[in-house]
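Ligands are counted one by one from 1 in listed order, and the atoms in each one are counted from 1 as well. In this text, all values refer to a predicted model and were calculated from it rather than measured experimentally. Keep in mind that the numbers below use all heavy atoms, side chains included, and drop hydrogens, waters and symmetry copies.
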Amino acid sequence: MKKLKLKENMGEKPKTKAVLPWMRSPVDVSLFEHCPLHLLPSLDPRLKVGLENMDISSLYPVQVGVWQETVGPGAFQRDLCIQSPTGSGKTLAYALPIVQALSNRAIKCLRALVVLPNRDLAIQVKEVFASIAPAVGLSVGLAIGQSSIADEIAELIKRPKLEAGICYDPEEFSPELQSSVDILVATPGRLMDHINNTKGFTLEHLCYLVVDETDRLLGEAYQSWLPTVLQLTHSSDESFYPHASNFLPFSFNSLKTRRRCGFERGFKGKPSPRLVKMVVSATLTRDPSKLAQLDLHHPLFLTTGQNRYKLPEQLESYKLICESKLKPLYLVALLQNLGGEKCIVFTSSVESTHRLCTLLNFFGDLQIKIKEYSSLQHQSVRSKTLKAFREGKIQVLVSSNAMAHGMDVEGVRNVINYDLPAYIKRFIHRVGRTARAGQTGSCFTLLHKDEIKRFKKLLQKADIQSCPDYAIPSDSIESLRIIYTSALEKLKETVEVETSRKRKIGFKSSKAGKGRETNHSNE
Ligand SMILES: Nc1ncnc2c1ncn2[C@@H]1O[C@H](COP(=O)(O)OP(=O)(O)OP(=O)(O)O)[C@@H](O)[C@H]1O
């Protein structure tokens, strides 16, 4: 195999010491060059055409690095932990090798599972697979609870056609159910629904497991989806995983999807190949106990550069210092300066997202379409808002953390931290919604002067020593004061109406004996 060209700056020692031994000697993917498709070793010509149809003419460094360890000489022999900055192309980095590896499969069954923490992210990743997989005859499914479970099952499981006119005795004849998909992109909750309840849904042939946005997925148990998946894909030799039964859901014993010992996935008589795992994040956890949950096999750490936290190269960061009570005015003045460019405004909670968005919409003649996006909203509302934002019908999205991780929206030129994020990880994910795929972008953080020190410390963690001030002329602020006063009044009235409506609903539902499920998350 032709050796891919490396950049010059090799040999520096990592700045932060990783606890786990395998994390101390990573592959630095920033040392790889972009690789034009015609030079990429072993690329299936059908996939080359598929990529070109997506306007992709070369692979990004992280994609080249992963290719080396999968289709290239690494040959999927080790599990991969992939950390590279937001917008650097991690999705295609794992999707392309998986699709290529499955391109010669003879029998259709579920071979690759990609798990993501929420529906919008899963839809986004499914689209990436769906744009390359059909070129080599593979089908991709989605299990996210967007449609009814019956519709989802119909998409995922194929029932053989029975001959008309023949009466089948259900006691004697149980038709062989088959997977309709080779690759499944799922959220943990719906995945568990299928594992526990869907006839014919099996992980026994699974070859690839991708855990994307790993930190988020490992941070919450999500019905023990991970130990369940690992158990179902292990050989039935209990000595591999002696304590599994301690954390598996009680329904597990009734499952029929346990891998049969001595059977290769779909092919009798061969030893079971190992399940390959790929673990992906822009800010991968270093916590050994969290990573241990993944039960990794000789993990190989692929990362970018020396620093654990890295911002996109083309990102410009500014700070905007103002009095707390004048923050909305500064935000409006900033949005006016940005002239209707696509922008995401991040707040610290779902409640402040709602309040801020409502307030901004009371600034009558801004000529900017502004909407909120948060987990307080119904999924269908969120998806509609996201679609309109992607299409440019909405210019500004006010969001809590729901938009911060993984979302890829073309043309987002600016990110505004209306509230200072508490952690560097959150900062990295938020600002990473812009300056993606080599594009330029700006981020602005609104700060009260008491927050400056904390902000500096936060940036130092990502090796950023300075962040210039962004100045808003005082007359721009003054000219907004009158409309701000009236917008505040309208906001107060709206909040009162909403609070009394909520109280009434709460009263009715508690009378009916079913309290509404409230969402206390800060998403
Ligand atoms: N080789 C490529 N050539 C051109 N564009 C690409 C290439 N690879 C990926 N992209 C584009 O780059 C953008 C970012 O990719 P992706 O969403 O995979 O980034 P990411 O690293 O997963 O980011 P995050 O950490 O925020 O999830 C997408 O719009 C994608 O279409």
Is there side-chain contact between [X] and [Y], with at least one heavy-atom pair below 4.5 Å?
X: L275; Y: K277; result: yes
X: V415; Y: F427; result: no
X: Q68; Y: V27; result: no
X: K327; Y: L331; result: no

Looking only at protein heavy atoms, which one is nearest to [atom], and how far off is it?
atom: atom 8 (N) of ligand 1; result: Q63 NE2, 2.8 Å
atom: atom 28 (C) of ligand 1; result: D408 OD2, 3.1 Å
atom: atom 4 (C) of ligand 1; result: Y60 OH, 3.1 Å
atom: atom 26 (O) of ligand 1; result: R436 NH1, 2.8 Å
atom: atom 25 (O) of ligand 1; result: K90 NZ, 2.7 Å
atom: atom 23 (O) of ligand 1; result: G87 N, 2.8 Å
atom: atom 1 (N) of ligand 1; result: S58 O, 2.8 Å
atom: atom 27 (O) of ligand 1; result: G406 CA, 3.3 Å

If you measure only the distance, is there a donor-acceptor pair under 3.5 Å linking the side chains of S383 and Q379?
-> yes

Using only heavy-atom distances, determine whether the side chains of T283 and H429 contain a donor-acceptor pair under 3.5 Å.
->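 Checked: T283/H429 side chains pair up, N/O donor to acceptor below 3.5 Å.
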
Which atoms of ligand 1 sit under 4.0 Å from any heavy atom of [X]?
X: R433; value: 26 (O)
X: T91; value: 16 (P), 17 (O), 18 (O), 22 (O)
X: E213; value: 27 (O)
X: P85; value: 21 (O)
X: I56; value: 1 (N), 2 (C), 3 (N), 4 (C), 7 (C)

Before giving the answer on ring pair (Phe, Tyr, Trp, His ring centres under 6.0 Å), spell out for Y94 and Y208 the whole-Å C-alpha distance, their side-chain angles and the decisive distance to 0.1 Å.
-> CA-CA 10 Å; Y94 61 76; Y208 304 98; over 10 Å; no

Atom 31 (O) of ligand 1: any protein heavy atom closer than 4.0 Å = no

Is it true that R355 and E351 have a side-chain N and a carboxylate O under 4.0 angstrom from each other?
-> no

Carboxylate-amine/guanidinium contact R433 D408, below 4.0 Å =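 Judged by the 4.0 Å cut-off on N to carboxylate O distance, R433 and D408 do not form a salt bridge.
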
Is the shortest N/O to N/O distance between G89 and ligand 1 below 3.5 Å?
-> yes

Examine F389 together with Y373 and report whether their ring centres are nearer than 6.0 Å.
-> no

